[in-house]
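Since the structure comes first, as structure tokens, the remarks are kept for the end.
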Amino acid sequence: MDRKCAGQREQAGLVSRHVQQIMPPSVEYRLTPAGQIFIEPIEMLYTWAIDHTADLDALAAQQSAGSTAQTADAEEDP
């Protein structure tokens, strides 16, 4: 998690930050109770993505082929 993102999540009350004063310094982030409410929907989305990997791969291939075709068309136009 980058610092800006982590800072925004901390300000929103979704994560807590604990700096350990050791060498090298270490920072630990934990979900707060407010942040934990997002675990279930994220797990559901993850499971859906795993179950539909083939569909997502096919869609990505279609989009890639479409953008390649559009690029080729644009290069052909004078």
Side-chain angles (χ1 to χ4, degrees):
M1 184 180 316
D2 68 44
R3 262 188 214 168
K4 183 178 179 183
C5 179
Q8 291 170 341
R9 301 307 176 265
E10 187 177 11
Q11 287 177 345
L14 301 176
V15 297
S16 63
R17 180 176 184 257
H18 174 70
V19 179
Q20 297 177 9
Q21 300 298 327
I22 58 174
M23 287 307 273
S26 177
V27 178
E28 181 179 293
Y29 293 93
R30 291 189 180 168
L31 287 174
T32 63
Q36 290 178 0
I37 66 171
F38 293 99
I39 291 174
E40 185 178 356
I42 290 171
E43 286 178 339
M44 291 171 66
L45 180 59
Y46 174 79
T47 300
W48 179 89
I50 294 298
D51 292 345
H52 295 87
T53 299
D55 298 327
L56 294 169
D57 289 345
L59 180 61
Q62 281 181 333
Q63 290 175 342
S64 178
S67 66
T68 303
Q70 290 174 356
T71 303
D73 290 344
E75 290 173 357
E76 291 176 7
D77 290 339

Between T47 and E43, is there a donor-acceptor pair closer than 3.5 Å when you use the side chain of the first and the backbone of the second?
->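 Present.
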Would a hydrophobic clustering, with Ile, Leu, Val, Met, Phe, Trp and Tyr connected at side-chain separations under 4.5 Å, put [X] with [Y]?
X	Y	value
F38	V15	no
L14	I42	yes
Y29	V19	yes

Minimum heavy-atom distance A34-G13, with the two atoms named =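 Looking at all heavy atoms of both residues, the closest pair is CB-O, 3.6 Å.
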State, yes or no, whether a side-chain contact exists between W48 and L56 at a heavy-atom distance under 4.5 Å.
->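 They are in contact (side-chain heavy atoms under 4.5 Å apart), so the answer is yes.
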What do you reckon, is CD of Q20 surrounded by more than 12 foreign heavy atoms closer than 6.0 Å?
->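 Counting other residues, nucleotides and ligands, CD of Q20 exceeds 12 neighbours.
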If you round to the nearest 0.5 Å, how far is CZ of R30 from CD of Q36?
->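 Going from the CD atom of Q36 to the CZ atom of R30 covers 11.0 Å.
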Atom pair CG (D55) and OG1 (T53), whose distance is rounded to the nearest 0.5 Å |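 D55 CG to T53 OG1: 8.5 Å, rounded to 0.5 Å.
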